[in-house]
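To keep things clear, I will list the structure first and then write my remarks on it.
Just so it is clear, the model here is predicted, and its values are computed rather than measured.
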Amino acid sequence: MARRSFIAIVGHGPDLERDEGAASVLRSLGADVRTLDLWDDPPRLFLDDESKARAIVVEALDRPDLAAAALRALRREPRLEEVGALVAVSVAQIARIEPSSGFDDFLLVPYVPAELYARVRLVEWRRSEFATEERVKVGAIVIDRAAHDVSVGGMHVPLTAKEFALLSYVCERRGKVVSRTELLRRVWGSQYEGGARTVDIHVRRLRAKLGAALPLVTLRGAGYRLESPVPGSGGPEGADAARALQRGGAGAESHGEERGEPRDEDEDEDEEGDDEGDEEGDDDEEGDDDGEASARGDRRSGTSAPTSTTTGRERRITR
């Protein structure tokens with residue numbers, strides 16, 4: 001049996017059913033709406049076990065200070081913990097909306113019906129997660145298997161073949177621990193002779209390209225686990241943040257090329273050569289760091305090569 005989905009409208013009881021209110025506007029657009037007074041218990045929204053909230057609209061109007069408290073009370077209901085929430089305020093109260101209040105977006109009263117429904121659908125999309133044969137969505141990350149495309153907040157993020165396969169697998173296994181051995185077997189194949197370092201290198205690259213949109217945590221001695229995206233953590237929401245991720249990913253790639261790591265197109269042709277290049281690049285980085293530390297130590301001790309040369313010239317002049 002399909003679950004019935006509804007939009008929850010929370011506000012001052014006597015005002016919830018007014019003609020220009022969110023409940024009346026959304027019903028006129030064909031949406032299933034349920035209302036709740038600010039001081040009522042959130043479980044009253046659920047008439048049966050098959051109900052599911054699509055989004056929450058808190059009508060704060062001229063009292064945005066009450067909205068944050070109302071949202072905290074709603075979040076204590078397990079069935080509302082991950083539901084997107086909007087706060088509706090009058091134009092005069094916009095400046096009083098706190099970014100830390102926990103709302104995904106805001107609405108202005110009086111409502112524009114088309115805008116109201118569009119914002120509800122947008123916050124519903126941002127919070128949704130699904131997996132089909134062709135597409136997977138986790139937070140702001142959308143993986144299109146058919147088109148071999150990945151986007152974050154609607155912005156395309158270029159990935160290599162192995163990065164794409166690795167991301168797809170960890171997203172499919174979200175919430176579960178996947179070991180490096182399992183990833184090597186499922187992504188690189190049982191015939192691949194490389195070691196766990198290969199996985200770590202590709203995870204590092206994915207993190208550089210996707211940023212906070214990829215909540216992939218490292219579990220020492222166990223592997224990796226993809227957790228639930230954190231709303232407002234930067235990256236998962238909005239095109240501006242996605243563009244920032246793209247710039248960061250491009251920077252990481254160019255930095256890799258400077259270190260002598262193979263470019264991504266070479267990686268697809270020869271994965272084993274790519275891993276060797278990465279190891280050499282890392283060794284070069286360590287060597288550079290050692291050289292810089294040695295130079296700093298020489299400068300502090302006064303034994304650097306330039307100083308020695310200058311001293312020699314001074315001695316010759318003295319003679």
Side-chain angles (χ1 to χ4, degrees), residues 2-40 42-47 50-75 77 79-130 137 139-140 142 153-154 229 231-232 236-242:
R3 302 185 69 179
R4 290 189 51 134
S5 61
F6 64 91
I7 301 172
I9 310 298
V10 182
H12 181 51
D15 297 331
L16 284 172
E17 298 297 339
R18 66 190 191 283
D19 292 340
E20 69 277 13
S24 297
V25 171
L26 289 170
R27 286 194 185 104
S28 69
L29 295 173
D32 185 358
V33 174
R34 298 180 188 178
T35 59
L36 182 74
D37 187 271
L38 283 168
W39 313 114
D40 283 347
R44 295 186 63 178
L45 286 167
F46 299 90
L47 305 178
E50 300 301 325
S51 299
K52 179 183 178 181
R54 295 172 50 190
I56 301 167
V57 178
V58 178
E59 291 195 303
L61 305 180
D62 292 321
R63 293 296 306 277
D65 54 313
L66 296 178
L71 184 61
R72 286 195 296 270
L74 291 166
R75 294 297 190 212
E77 165 57 46
R79 289 169 289 187
L80 297 175
E81 283 181 345
E82 302 298 328
V83 179
L86 304 98
V87 57
V89 297
S90 61
V91 175
Q93 300 298 323
I94 294 178
R96 296 182 61 191
I97 299 176
E98 292 291 338
S100 60
S101 60
F103 287 96
D104 297 89
D105 205 346
F106 70 92
L107 293 159
L108 293 181
V109 180
Y111 301 109
V112 175
E115 179 190 12
L116 171 58
Y117 195 61
R119 287 184 181 270
V120 167
R121 292 184 63 191
L122 179 60
V123 75
E124 183 181 10
W125 166 259
R126 286 176 177 173
R127 290 279 189 148
S128 67
E129 293 188 1
F130 58 80
K137 182 177 183 295
V142 178
E237 308 295 345
D240 291 340

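Checked against side chain to side chain donor-acceptor pair (under 3.5 Å), Ser28 has no partners two or more places apart in sequence or in another chain. Phe6 is linked by a side chain to side chain contact (heavy atoms under 4.5 Å, CB included) to Ala8, Asp32, Arg34, Leu45, Phe46, Ser51, Ala53, counting only residues two or more places apart in sequence or in another chain. With sequence neighbours excluded, the residues forming a side chain to side chain contact (heavy atoms under 4.5 Å, CB included) with Ala22 are Ile9, Val57, Glu59, Tyr111, Leu116, listed by chain and number. Not counting sequence neighbours, the partners of Asp40 by the salt bridge (Lys or Arg N to Asp or Glu O under 4.0 Å) test are Arg44.
Of all heavy-atom pairs spanning Pro64 and Val89, the tightest one is CB-CG1, 4.2 Å. Minimum heavy-atom separation, Ala23 to Leu16: CB-O, 3.6 Å. Heavy atoms only, all atoms of each residue included: Arg75 and Gly102 are closest at NH2-O, 4.3 Å. The minimum heavy-atom distance between Ala73 and Pro42, with the atom names listed, is O-CG, 3.6 Å. Counting all heavy atoms, side chain and backbone alike, Val142 lies closest to Lys137 at CG2-CG, 3.9 Å. Of all the heavy atoms in Val87 and Ala60, the pair that sits closest is CG2-CB, 3.9 Å.
Between the Arg79 side chain and the Lys52 main chain, no donor and acceptor come within less than 3.5 Å of each other. Checked by atom type and distance alone, the side chain of Arg18 pairs as donor or acceptor with a backbone atom of Asp15 at under 3.5 Å. In this structure, the side chain of Asp104 engages the main chain of Ala85 through a donor-acceptor pair within 3.5 Å.
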For this session: Verify side chain to side chain contact (heavy atoms under 4.5 Å, CB included) between Glu17 and Arg27, making sure each step is shown before the conclusion.
Result: CA-CA 11 Å; Glu17 298 297 339; Arg27 286 194 185 104; 2.9 Å; yes

Problem set entry | Intermediate values then yes/no, side chain to side chain contact (heavy atoms under 4.5 Å, CB included), Leu61 and Ser90 | CA-CA 5 Å; Leu61 305 180; Ser90 61; 5.6 Å; no

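Pairs of residues two or more places apart, or lying in two chains, that qualify as salt bridge (charged side-chain N to carboxylate O under 4.0 Å, His left out) and include a residue from residues 105-115 are Asp105-Arg119, Glu115-Arg119. For residues 81-108, the set of pairs meeting the ring-ring contact (aromatic ring centres under 6.0 Å, His included) definition, not counting sequence neighbours, is empty.
Leu86 pairs with exactly one of Ile7, Leu107, Leu122, Ile56 by the side-chain contact (heavy atoms from CB on, under 4.5 Å) rule, that one being Leu107.
Two residues are said to be in side-chain contact when any heavy atoms from C-beta on lie closer than 4.5 Å; Val10 and Leu38 meet this criterion.
Ion pairing between Glu124 and Arg54 holds under the 4.0 Å rule for side-chain N and carboxylate O.
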